[in-house]
There are 2 protein chains.
Amino acid sequence: MINKLKKMGLKITPQRLAILKILDGNTSHPSAEDIYKELKPQFPSLSLATVYNTLEVLAGGGEVQEVRIKSDKKHFDPNPAPHCHFLCRVCDNIYDLDMWPEDLQLPCDIKGNLIQGCNLYLYGICFRCRDKYKNGNNNNNN
Amino acid sequence: MINKLKKMGLKITPQRLAILKILDGNTSHPSAEDIYKELKPQFPSLSLATVYNTLEVLAGGGEVQEVRIKSDKKHFDPNPAPHCHFLCRVCDNIYDLDMWPEDLQLPCDIKGNLIQGCNLYLYGICFRCRDKYKNGNNNNNN
DNA sequence: AAGGAAAATTATAATGATTATAAAATAACA
DNA sequence: TGTTATTTTATAATCATTATAATTTTCCTT
Ligand SMILES: [Mn+2]
Ligand SMILES: [Mn+2]
Ligand SMILES: [Zn+2]
Ligand SMILES: [Zn+2]
């Protein structure tokens, strides 16, 4: 955790450690504001700009990846490896999906173009929301 | 062209026809502002809001697709079929790439999730820009 | 062809996520 | 412990997109 910051030549600060701690192993793909709201109680002086700055530098260093599956807001993923993201249009959650086109290993060459990065975004209805509909609307437990 | 509008129950206006004409067969993936700037000389009264409204209704009707390969701006594509987009980090152009994962035909089911839509975005250096570098910087014709 | 309702266009303001700025605080090194 | 570069913070600015409301236009009916 601390190593990630040192590796990038960044100073260790409580704010950065807290942000990294939230991200570590997190598969919920939080936005900058999500992280800010989660930390604000423990860090009353925390600034949203600090969260943005930290996420930007982590992304620039390849330690986290930006997920731009929604049109209005960026989300962040501590797993920097290219993998498939799925947005459920019903519950609005972003999920990892364990599928990746075999013929797309980076970096690669496609018709003379050098492919260095890739995003695969899927949209639909997650199995949880499908199940809810399947069970009918007679029991309205959202 | 006119049929697309009628099919969607929209009124035929000069502005909409002009926007559709620009889009027809266009593979440059223009933004709303690109289209606005191109039309403004011929339509001095044209409002940017009209361009946005038209693109939104066309996208909603499945006649064009939004391309969100850049983080700051939406681009539009008259080809509504899912296909692969590639952003060159050098020239900043968006290109179509003729590749699509075999195992991803829509709609489909992945682990219980219903997949209805998909975006595949690639990033790198296009063959044109690679050629320029290959030929060295001694002839500086950008 | 003229009238009129509904829809579209326009100018303009509002929104909201993100980025920039500059002063104050802090981390890390000697 | 002191010094300096970095970071945090509060705040303002940016800018693509969306909302609003008045004006204009389409298009169906007469
Ligand atoms: Mn993920
Ligand atoms: Mn395209
Ligand atoms: Zn869901
Ligand atoms: Zn290029």
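Reminder, nothing fancy here: chain letters follow the sequence lines and each chain counts from 1.
Enclosure of atom NZ in A:K40 by more than 12 non-hydrogen atoms of other residues, nucleotides or ligands within 6.0 angstrom is indicated. At most 12 non-hydrogen atoms from other residues, nucleotides or ligands lie less than 6.0 angstrom from NZ of A:K21. Counting heavy atoms of neighbouring residues, nucleotides and ligands inside a 6.0 Å radius, atom CG of A:D98 does not exceed 12 of them.
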Checklist line | Test side-chain contact (heavy atoms from CB on, under 4.5 Å) applied to B:S31 and B:I35, step by step | finding: CA-CA 6 Å; B:S31 66; B:I35 294 172; over 6 Å; no
Check: Stepwise, does the side-chain contact (heavy atoms from CB on, under 4.5 Å) test hold for B:D24 with B:L20?
Finding: CA-CA 6 Å; B:D24 188 41; B:L20 278 175; over 6 Å; no
Note to self: What verdict does the side-chain contact (heavy atoms from CB on, under 4.5 Å) test give for A:Y123 and A:I69, after you've listed the backbone C-alpha separation in whole Å, the side-chain angles of each residue and the deciding distance to 0.1 Å?
What the structure shows: CA-CA 9 Å; A:Y123 301 84; A:I69 199 170; 3.5 Å; yes
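Going from atom NZ of B:K37 over to atom P of D:dA16 covers 9 Å, rounded to whole Å. Atom CD in B:E56 sits roughly 18 Å away from atom P in D:dA16 (whole-Å rounding). The CG-P distance, from A:N53 to D:dT7, rounds to 10 Å in whole Å. The separation between A:L55 atom CG and C:dT19 atom P is 10 Å, rounded to whole Å. For the pair B:K70 NZ and D:dA16 P, the computed distance is 11 Å after rounding to whole Å. As a whole-Å value, the separation of B:M8 CE from C:dA7 P is 15 Å. Atom OH in A:Y36 sits about 11 Å away from atom P in D:dT11, given to the nearest Å. Remark: P of D:dT6 and NZ of A:K6 are 17 Å apart, rounded to the nearest angstrom.
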Polar pairs (N or O, both sides) under 3.5 Å between protein and nucleotides 16-18 of chain C?
unit_1 : atom_1 : unit_2 : atom_2 : d
C:dT18 : OP1    : A:K74  : N      : 2.7
C:dT18 : OP2    : A:Y52  : OH     : 2.4
C:dT18 : O5'    : A:Y52  : OH     : 3.4

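For B:T50, a side-chain nitrogen or oxygen approaches OP1 or OP2 of C:dT10 to under 4.0 Å.
Here the NZ-CZ distance, from B:K132 to B:F127, works out to 11.0 Å after rounding to the nearest 0.5 Å. The CG atom of B:L114 lies 9.0 Å from the CZ atom of A:R89; values are rounded to the nearest 0.5 Å.
For DNA chain C, the residues of residues 9-24 of chain A within the heavy-atom distance limit of 4.0 Å (strictly under) are A:K11, A:I12, A:P14, sorted by number.
Checking B:H29 against B:N93 by side-chain atom types alone, no donor-acceptor pair falls below 3.5 Å.
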